[in-house]
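Pasting in a structure now, in structure tokens, and then I'll have a few things to ask.
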Protein chains: 2
Amino acid sequence: MASPSEGTAKTVTIRDVAAAAEVSIGTASKALNGRGRMRTETRDRVLAAAERLGFRPNPLAQGLLAGRTYTVGLVTGDSFGRFSIPVMLGAEDALGAGKISVFMCDTRDDPIRERHYVERLLARRVEGIIVTGRRTEPRPGIGRDLPVPVVYAMTQSTDESDVSIIPDDEGGGALAARHLLATGRTRIGHVTGPHRFEAARRRARGLSTALDAAGLEPAGEVLFGQWSEEWGRQGADVLLHAAPDVDAIFCGSDQIARGVAETLRERGRRVPEDVALVGFDNWEPMALGCRPPLTTVDMNLGEIGRLAARHLLDAIAGTPTGGGVTIVPASLVLRESTRRAAPQG
Amino acid sequence: MASPSEGTAKTVTIRDVAAAAEVSIGTASKALNGRGRMRTETRDRVLAAAERLGFRPNPLAQGLLAGRTYTVGLVTGDSFGRFSIPVMLGAEDALGAGKISVFMCDTRDDPIRERHYVERLLARRVEGIIVTGRRTEPRPGIGRDLPVPVVYAMTQSTDESDVSIIPDDEGGGALAARHLLATGRTRIGHVTGPHRFEAARRRARGLSTALDAAGLEPAGEVLFGQWSEEWGRQGADVLLHAAPDVDAIFCGSDQIARGVAETLRERGRRVPEDVALVGFDNWEPMALGCRPPLTTVDMNLGEIGRLAARHLLDAIAGTPTGGGVTIVPASLVLRESTRRAAPQG
DNA sequence: GTGAAAGCGCTAACAA
DNA sequence: TTGTTAGCGCTTTCAC
């Protein structure tokens, strides 16, 4: 509540400020924007008047003149869900710093609504659009030859020349695998989501590649199923049956990992002593609620959002950023579920 | 100005439309807005030209003239988390229908940032502000005598005259209790979050009141603890010790309920046969992942958001909506965890 | 029925 | 150093 200027019920224009400071409107403008040369006394008088009246320049008017709006649109099909939110926050972070405000739109994954919102955003003269999603599957772009730059974050346009920022699913899988190998595990199983998901396939590929480099291969079959705990429970049983000597399980999501953890516990396998467990997503309520707390791959969604915003800002500034796909590295969050087994007695 | 080298489609002004249709700007404006009387032929000519050129009226210019922006701000301290998102979506729903766009801001629960964002929103001449939060605890308002109406959703201003829309924690507690009573349970325990949370206290009060009406009281003490699964696991043990004959447990959150469910299973109590379980939040990944799937109280967050938006729209329209707190009823989502025990065979 | 002109709040030339 | 003027894109009188 520092500024006493707050609380002006009526809108104060620069006209009012000029009048109060007994200068012309033009002079007031210059004083407020620190442009041109003028007596310090005059400038101070204007600034004081502005302060006193609680003057806020009207960005509509400024924008009208400058031909800019200092706004961008953020369109999500994920209903701002678990994945798009961190992305969104990262983006807002980067944009907010640049005085750019964000219009949010939720399309509910409906192309009609999406079309509608994009129209609306363009009508509002946003200077760019960020599209986020829940999956990394390539999707049709929101339109071609749009008058503003578009960046896809955590989703990918089928048009290869569009700018897309996506997580490193494959690298994440490899990261998990190498961590397990480093803690001495060699019989590593994999329970993951539906095969039709690019993300699931990539994570599995990352695992296989890393194991391959160590002369190993996944224990049992790679088990594709659902993105659910229930499947985690089932999958673990299948895996224990197919590869009873499994000593680590990498899961395609934290939810799956929780299901796996439960089954392991019920089958008398201790985590991490008998079987180490790695999840994917670093979805904290899941990962921390798990017994034991879950080591998991973090896709750095916030970074994806920040990067998307930065690309967009560059594009708005006219700097050619070069289209194409940018992959943001994943990182590993270590918790109890992969604590190195103490030497057995 | 946009870089001249940009291949972006050039913005079409009403001037261009007027020229193309060979009418004056004023006539073009009237034709486009369906105002005034004019020859159908003229109107059609203008509309055709606008269509052909892809004309979109510039809302900045329109707003400048009308003194409106058709935007509102949405400020959250919850980092658009689990609670504020459904609220947000509900709000966006109601606002979007009215052609109002939403600026989003995340304050990260930092008063400085909040102050900053509110300033920014006001500078942008939003016509109203919705404040959402993660808790229902009363919080200081975002400022007094703001030039635009403010509605608090899923949070509450300490200033009683402010408009706040909050969930019915007490009613939700009562709802859970009555449901359990209706399925024949009489020894009902309660494990919930920290006592310092208004929400936890209200839910407990709702339970007690409903039990009281049936001449009962909670089994064991009401156990206040944390909003975590871990506490759910511990709390269940405490409760089983204090009231071994407990036949139902109402939990202050779905996360707690999951913890409780785990302990119950490990102690050999079947859910729902031996002990029925009710959660709070209807947080689907938690409630559905639970074994068995959880009956839980839904706060109808979307409705809170919609209502907040509607209040705001009314206020913007100048309709006195009357300040104060509005409580949105909760509902119960039935799942396996309270299935009426079948007659034992 | 149509057009010319004023002005929304602001900035950037140019005059004084 | 300061004031005046001409718009940014649009809507809206009010003459014609």
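Below, chains carry the letters A, B, ... as their sequence lines are ordered, and counting in each starts from 1. For the numbers below, each heavy atom of this structure counts, side chains included, while hydrogens, waters and symmetry mates do not.
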| message | Can you identify which nucleotide, out of D/dC10, C/dC8, D/dC8, has its nearest atom closest to the A/Leu65 side chain? | response | D/dC8
| query | Atom CG of A/Asp16 and atom C1' of C/dC10: how far apart are they, to the nearest Å? | reply |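 Atom-to-atom, A/Asp16 to C/dC10, this comes out as 13 Å.
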| said: Would you say A/Asp162 and A/Ser157 are linked by a side-chain donor-acceptor pair, where the criterion is simply a distance under 3.5 Å? | reply: yes
| said: Nearest to the B/Pro57 side chain among D/dC10, C/dG9, C/dG3, which nucleotide is it? | reply: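 When the side chain of B/Pro57 is considered, D/dC10 is the closest of D/dC10, C/dG9, C/dG3.
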| task | Please determine, for the side chain of A/Ser24, which listed nucleotide (D/dC10, C/dG1, D/dG3) has the closest atom? | result |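 Nearest to the side chain of A/Ser24 among the choices is D/dG3.
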| query | At under 4.0 Å between heavy atoms, what does B/Arg37 touch on the DNA or RNA strands: base, sugar-phosphate, or nothing? | reply |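 Base contact.
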| Residue mapping more 5' on DNA chain C - nearest nucleotide basis, B/Glu22 or A/Asn58 |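 Nearest-nucleotide comparison on DNA chain C picks B/Glu22.
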| request: Find the distance A/Arg35:CZ to C/dA13:P and express it as a whole number of Å. | output: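 In whole Å, C/dA13 P lies 10 Å from A/Arg35 CZ.
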| request: Give one of base, sugar-phosphate or nothing for B/Leu60, where a contact means two heavy atoms less than 4.0 Å apart. | output: nothing
| query | Given D/dT1, D/dC10, D/dC8, which nucleotide is nearest the side-chain atoms of A/Met38? | reply | D/dT1
| task | In whole angstrom, give the distance that lies between atom CZ of A/Arg68 and atom P of C/dT11. | result |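 That distance rounds to 15 Å.
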| What is the distance, rounded to the nearest whole Å, between atom CD of B/Gln62 and atom C1' of D/dC8? | 14 Å
| field | Nucleotide nearest B/Arg15 when distance is taken to its side chain, options D/dC8, D/dC10, D/dT1 | value |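 Side chain of B/Arg15 sits closest to D/dC8.
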| note | Residue pair A/Leu64/B/Arg39 against DNA chain C: nearer the 5' end by closest nucleotide is B/Arg39
| query | If you measure only the distance, is there a donor-acceptor pair under 3.5 Å linking the side chains of A/Arg124 and B/Ser101? | reply |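 Yes, a side-chain donor-acceptor pair sits under 3.5 Å.
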| Could you give the OH-to-C1' distance, from A/Tyr70 to C/dC10, as a whole number of Å? |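 Spelled out: OH on A/Tyr70 to C1' on C/dC10 is 13 Å.
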| note | Residue pair A/Ile25/A/Arg125 against DNA chain D: nearer the 5' end by closest nucleotide is A/Ile25
| task | Starting from P on D/dG3, measure out to CZ on A/Arg43 and report it in whole angstrom. | result | 14 Å
| field | Contacting residues from residues 26-34 of chain B, given that a heavy atom lies under 4.0 angstrom of DNA chain C | value | B/Thr27, B/Lys30
| Is any side-chain heavy atom of B/Arg43 closer than 4.5 Å to a side-chain heavy atom of B/Arg39? |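 SC-SC contact between B/Arg43 and B/Arg39 ruled out.
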| said: I'd like to check the side chain to side chain donor-acceptor pair (under 3.5 Å) partners of B/Arg125; sequence neighbours left out, ordered by chain and number. | reply: none
| message | How close do B/Val131 and B/Thr155 get, counting heavy atoms only, and between which atoms? | response | O-CG2, 3.6 Å
| query | According to a strict under-4.0 Å criterion, is B/Thr42 in side-chain N/O contact with OP1 or OP2 of C/dT2? | reply |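 Result: yes.
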| By side chain to side chain contact (heavy atoms under 4.5 Å, CB included), which residues pair with B/Leu64, not counting sequence neighbours? | A/Asn58, A/Ala61, A/Leu64
| query | Checking side-chain contact (heavy atoms from CB on, under 4.5 Å) against B/Ile129, which of B/Ile142, B/Val72, B/Val151 comes through? | reply | B/Ile142
